[in-house]
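Because only heavy atoms are used, hydrogens play no part in the values below, and waters and symmetry mates are left out as well, while side chains stay in. Bear in mind that the values here come from a model prediction, so they are computed numbers and not experimental data.
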Amino acid sequence: MKASGTSAGLARGDKGPVARYEVHRDREPGSRGIERQPVIEEFNALDRARISALSYALDGPTSSGERFTGTVTVMQVYWIGDRRASTEIVDVIDERVAFRLLNEVRIPRARELTVSLERIQAEVNALAHLGA
């Protein structure tokens with residue numbers, strides 16, 4: 001089953017190789033223990049796929065009662081035109097990984113990422129002296 005992801009409706013066309021990223025949400029087995037196919041969502045960028053995977057890993061049952069295992073796989077898929085050329089696993093995230101990342105990793109504030117013009121100019125000057 002294919003969920004409507006960021007690029008699910010985009011045509012791949014007859015271009016050269018194109019990389020897309022799929023997020024596979026594993027479902028719990030059905031009522032009789034029958035394995036169920038994962039829900040797949042497609043993204044154009046790895047960062048978007050990883051953010052989505054982190055949020056899905058923390059999800060429990062959905063509002064419709066759908067139950068997932070908490071294990072999410074991010075896959076890189078290469079397409080050549082409309083043909084799926086290759087697939088590679090990028091990340092496997094479960095709820096423990098997502099919880100630790102969201103609660104133990106310190107993400108810098110925007111003001112901590114600013115760089116003064118003087119500092120940039122000093123770095124440019126230092127690089128210019130290395131090349132001379």
Side-chain angles (χ1 to χ4, degrees):
M1 176 175 179
K2 189 138 192 136
S4 59
T6 310
S7 66
L10 295 179
R12 290 184 182 86
D14 294 326
K15 299 178 184 177
V18 175
R20 298 279 192 261
Y21 299 91
E22 292 180 350
V23 175
H24 294 237
R25 297 175 71 187
D26 293 341
R27 297 184 197 192
E28 289 185 355
S31 60
R32 297 181 182 180
I34 298 170
E35 288 296 316
R36 298 171 58 209
Q37 293 296 315
V39 174
I40 300 171
E41 193 170 358
E42 186 179 69
F43 296 88
N44 289 326
L46 179 58
D47 57 346
R48 302 274 183 191
R50 283 179 166 162
I51 289 169
S52 179
L54 283 171
S55 67
Y56 291 149
L58 292 172
D59 278 351
T62 64
S63 59
S64 65
E66 184 74 58
R67 296 193 55 85
F68 295 96
T69 65
T71 301
V72 182
T73 305
V74 178
M75 306 194 66
Q76 183 177 42
V77 181
Y78 283 102
W79 292 88
I80 299 176
D82 289 334
R83 188 176 62 85
R84 190 179 185 118
S86 69
T87 303
E88 181 180 341
I89 294 175
V90 175
D91 293 314
V92 177
I93 300 171
D94 65 11
E95 54 196 317
R96 296 169 300 160
V97 172
F99 180 83
R100 288 194 67 188
L101 178 66
L102 294 175
N103 291 293
E104 295 180 15
V105 173
R106 183 186 169 285
I107 299 173
R109 304 251 185 235
R111 68 177 176 272
E112 296 172 337
L113 297 174
T114 60
V115 178
S116 69
L117 183 58
E118 293 81 23
R119 181 174 164 197
I120 292 173
Q121 188 61 51
E123 289 179 14
V124 169
N125 292 340
L127 289 173
H129 287 294
L130 288 174

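Between the OG1 atom in T114 and the CZ atom in R111 there is a gap of 9.5 Å [rounded to 0.5 Å]. Expressed to the nearest 0.5 Å, how far CD of E118 lies from CD of E123 amounts to 12.0 Å. In this structure, the separation between CD on Q121 and CZ on R119 is 13.5 Å, given to the nearest 0.5 Å. Distance check, rounded to the nearest 0.5 Å: CG of D26 to CZ of R36 gives 11.5 Å. From T71, atom OG1 reaches atom OH of Y56 across 15.5 Å, with rounding to the nearest 0.5 Å. Atom CD of residue Q76 and atom CD of residue E22 lie 11.0 Å apart, to the nearest 0.5 angstrom.
Under the 3.5 Å distance criterion, the side-chain polar atoms of N125 are left unmatched by any main-chain donor or acceptor of A128.
Across all non-hydrogen atoms, the minimal contact from P17 to I80 is CA-CG1, 4.2 Å. Here the shortest heavy-atom pairing between V72 and A53 reads CG1-CB, 3.6 Å. Shortest non-hydrogen contact noted between Q37 and R27 is O-NE, 3.0 Å. Nearest heavy-atom pair across P29 and E35 is CG-OE2, 4.1 Å. The heavy-atom pair separating E41 from S52 by the smallest distance is OE1-OG, 4.0 Å. When every heavy atom of V23 is checked against every heavy atom of A49, the shortest pair comes out as CG2-O, 3.4 Å.
Here the side chains of M75 and Y21 are not in contact, with every heavy-atom distance at 4.5 Å or above. Between I93 and L101 the shortest side-chain heavy-atom distance does not fall below 4.5 Å. Between P38 and R25, the closest side-chain pair of non-hydrogen atoms is not below 4.5 Å. Counting heavy atoms from C-beta outward, F68 and V39 have side chains that approach closer than 4.5 Å. Considering only heavy atoms from C-beta on, R84 comes within 4.5 Å of V77 through its side chain.
I120 and L127 are members of different hydrophobic clusters when ILVMFWY side chains are connected at heavy-atom separations under 4.5 Å. The same ILVMFWY cluster, assembled from side-chain heavy atoms under 4.5 Å apart, contains both L102 and F99.
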